[in-house]
Amino acid sequence: MPDPAISIQNLTKIYPIPFKRERLTAVDDLTLSVEPGQVYGLLGPNGSGKSTTMKILLGLVPATRGQTHIFGRDSSFVESREEVGYLPENPYFYKYLTGEETLHFYGKLCGLRGEPLRRRTRELLHLVGLEDAADRRLGGYSKGMLQRIGMAQALVQEPRLLVLDEPTAGVDPAGSRDIRDLILQFKTRGITVLLCSHLLGQVQEICDRVGILHKGKLVREGELEKLIAIENQTQLIFENASPELLARFEAEAAACGARLVEKSKPHATLERFFLEVTQ
Amino acid sequence: MPPRHRFFSPGRIGAIAGNTLLELVRQKVFYFLLIFALALIGCSFFMGFLRPELQFQVMKDVSLGAMSVFTWLLAVLATAMMLPKDIEDRTLYTILAKPVPRLEYLLGKLLGVLFMLAISLGVMAVLFAATLYIKEQTTIAAALGELRQAPPEQVAEVVRNVKAATFTWSLVPGIAIIYFKAALFASLTLLISTFASSWIFTIVISVAVYLIGHLVPIARTYLLETDGSWISKAFLTLLTLMFPDLQLFNLTDDIVAGNALPPGLFFQTAGMGCFYLAIYTCLAYLMFSKKEL
């Protein structure tokens with residue numbers, strides 16, 4: 001049985017409030033597990049403890065209680081970060097570096113040098129579609145380009161786990177779709193993804209499992225399809241069905257004791273419509 | 001696949017140091033060298049009314065003083081903004097989320113600033129030596145013009161005197177001490193920035209330490225020669241232990257006057273600079289290793 005990509009057990013984080021006796025519990029006895037190859041969505045309103053959980057997992061903040069492991073290694077140890085790539089929310093990388101220099105810098109931090117580093121940089125620039133902007137300084141990059149170079153730096157050491165905090169925040173729909181496609185691509189490569197996002201539609205599209213945090217507690221967790229399915233309802237979508245045929249179905253259903261809840265035409269998503277109009 | 005993680009990697013420290021140096025270069029911090037060059041040129045042109053030996057002495061005095069102030073200022077300003085900016089921009093998260101220990105991050109940042117200070121001081125020293133050399137050549141040419149009829153021994157003595165008054169190797173240890181003082185302040189500023197709430201606070205505290213550091217010998221004299229209360233003695237003892245005696249780094253007056261710095265004094269002062277640098281860096285690591293980001 002392989003180690004889980006992420007294992008969090010009884011994690012609690014309490015922040016003291018300066019000059020007050022009160023204390024703020026940001027994460028409260030959280031236990032969850034993410035299996036290798038899954039795309040896991042960590043959801044919750046602002047202040048629910050998502051970012052704190054991510055920071056503890058990455059060793060940026062110590063836990064008050066509990067344990068966190070990445071592929072079986074205690075995540076408070078620096079070595080565990082060999083397996084992790086991280087993209088924070090709204091990151092600003094060094095503006096004076098070009099895209100290529102940025103990837104070289106992060107590559108060197110992961111021990112890459114010489115030709116392997118140059119090859120990996122070329123691969124990543126190709127993967128995120130920034131080959132033409134490789135020589136431009138990041139100060140001139142758009143928000144979407146910054147997110148993509150951020151994604152590339154997260155992947156530089158070929159990690160088995162990607163931690164993405166609001167990867168599409170502030171990005172236009174086309175850029176957002178590119179990032180979503182990249183995440184789906186990672187999934188096919190077997191990379192585990194822990195995704196924090198407020199864009200529930202996007203989470204629904206790409207995540208296998210989700211956990212919902214509220215006031216530091218995990219209030220729901222499980223496979224997405226099972227969580228959101230309405231067990232006693234069934235949806236059928238017909239093409240070219242005549243009104244007479246539909247009337248017969250309705251009558252037959254009523255005769256069998258079933259109740260028609262809704263009859264409507266399916267809609268394209270606003271995102272799809274927007275992209276059709278703008279591209 | 002990248003190589004296995006190493007507990008301590010000079011390569012990673014070098015990458016962070018190189019990047020810090022590149023940041024400072026691309027932020028055009030070296031532009032201040034132009035101000036230094038202009039001050040030097042101005043100083044050499046507007047002292048024609050003084051005797052040549054005095055002109056050289058004033059030039060050396062002003063230049064070494066300017067080098068000391070510029071290097072100290074650069075050390076404080078460049079270091080004060082490093083850590084808060086990386087935290088604010090979340091760049092620090094992306095670095096520490098890689099297999100980079102916090103100690104390596106701090107050492108890399110500090111080394112980057114120390115490289116930059118070495119380059120700046122080196123350029124200033126070269127500019128200083130070049131200006132003195134040009135001044136020396138014009139002074140000798142003028143003297144030779146005036147002493148056309150004088151005996152060769154007198155001419156040789158004048159030339160020898162002029163050369164002795166300009167750039168001599170005895171100035172180099174003085175410049176090195178300026179570097180050690182600036183390096184000490186870079187590490188102190190780094191320490192303050194690990195717990196300061198803003199870079200302005202960091203700069204204010206660094207300037208305060210600069211002033212206190214120059215008052216340490218007065219505190220020590222008071223401590224040794226007066227019978228104050230135990231509270232004032234305890235306070236002054238703490239003060240003299242916590243802050244370096246910056247007056248010990250003011251060795252340039254003697255050097256400008258033409259006296260060579262005794263090797264013992266040079267190594268003692270340089271050793272003190274390195275000692276405080278090591279202490280402040282260790283304290284900075286202790287603070288930063290516990291910092292919640």
Side-chain angles (χ1 to χ4, degrees), chain A residues 13 15-16 18 26 51-52 54-63 73 75 77-98 101-102 104-113 116-117 120 137-139 149-150 153-154 156-159 162-163 165, chain B residues 1-30 78 81-82 84-109 112 116 195 197 285 288-293:
Chain A
K13 177 66 190 175
Y15 288 105
S51 293
T52 305
M54 281 188 174
K55 284 180 180 179
I56 294 171
L57 197 61
L58 294 161
L60 299 172
V61 169
R73 289 203 275 191
S75 80
F77 294 137
V78 173
E79 306 90 88
S80 70
R81 256 93 83 192
E82 280 182 318
E83 309 276 17
V84 190
Y86 175 53
L87 177 66
E89 185 182 358
N90 294 323
Y92 289 89
F93 298 102
Y94 294 119
K95 284 180 196 161
Y96 54 87
L97 294 180
T98 64
E101 287 170 341
T102 301
H104 278 173
F105 172 62
Y106 284 100
K108 283 178 189 169
L109 296 183
C110 298
L112 291 167
R113 295 282 184 282
L117 175 59
R120 184 71 185 141
R137 288 197 187 175
L138 264 52
I149 202 74
Q153 68 75 27
V156 76
Q157 82 273 34
E158 298 178 55
L162 266 182
V163 178
D165 195 357
Chain B
M1 278 292 285
R4 295 287 303 160
H5 178 77
R6 290 168 61 188
F7 177 68
F8 185 81
S9 162
R12 287 192 297 254
I13 296 172
I16 295 169
N19 188 59
T20 306
L21 182 63
L22 186 66
E23 176 177 14
L24 293 166
V25 170
R26 291 195 178 165
Q27 283 181 345
K28 302 179 174 61
V29 292
F30 289 117
M81 291 183 211
M82 270 183 340
K85 196 168 176 302
D86 270 9
I87 293 174
E88 196 183 319
D89 291 351
R90 298 188 178 90
T91 324
L92 182 61
Y93 296 175
T94 57
I95 293 172
L96 295 183
K98 299 286 180 206
V100 178
R102 292 188 183 199
L103 176 64
E104 289 182 7
Y105 170 80
L106 274 190
L107 287 179
K109 284 282 174 184
M116 182 272 295
F195 59 83
S197 48
Y285 170 64
F288 188 60
S289 64
K290 304 285 176 207
K291 193 174 177 78
E292 302 210 346
L293 299 169

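Lettering of chains follows the sequences in order, A, B, ..., and the numbering in each one begins at 1.
- If you take CG on B/Leu96 and CZ on A/Arg81, they are separated by 7.5 Å, rounding to the nearest 0.5 Å.
- Residue A/Phe77: no heavy atom, backbone or side chain, is found under 4.5 Å from chain B.
- Using a 4.5 Å cut-off between heavy atoms, B/Ile13 does not touch chain A at all.
- Closest of all the heavy-atom pairs between A/Leu109 and B/Ala15 is CD2-CB, 4.3 Å.
- Ring geometry for B/Phe288 against B/Tyr105 counts as parallel: the plane angle stays under 30°, on a 0 to 90° scale with 60° as the upper cut.
- For the set A/Leu60, A/Leu58, A/Leu57, the entry with the most heavy-atom pairs within less than 4.5 Å of chain B is A/Leu60.
- Considering NZ of B/Lys98 and NZ of A/Lys108, their distance stands at 15.0 Å, rounded to 0.5 Å.
- For the atom pair NZ of A/Lys95 and CG of B/Asp89, the computed distance is 6.5 Å after rounding to the nearest 0.5 Å.
- Atom CE of residue A/Met54 and atom CD1 of residue A/Ile56 lie 12.0 Å apart, to the nearest 0.5 angstrom.
- With a threshold of 4.5 angstrom between heavy atoms, B/Lys291 approaches chain A through N, CA, C or O but not through any side-chain atom.
- In terms of heavy-atom pairs under 4.5 angstrom with chain B, the leader among A/Tyr86, A/Tyr92, A/Tyr96 is A/Tyr96.
- Ranked by heavy-atom pairs shorter than 4.5 Å toward chain A, the options B/Glu88, B/Arg102, B/Lys85, B/Gln27 are led by B/Arg102.
- Looking only at heavy-atom pairs under 4.5 Å with chain B, the residue among A/Arg120, A/Lys55, A/His104 that has the most is A/Lys55.
- Ranked by heavy-atom pairs under 4.5 Å with chain B, the list A/Phe93, A/Phe105, A/Tyr15 is led by A/Phe105.
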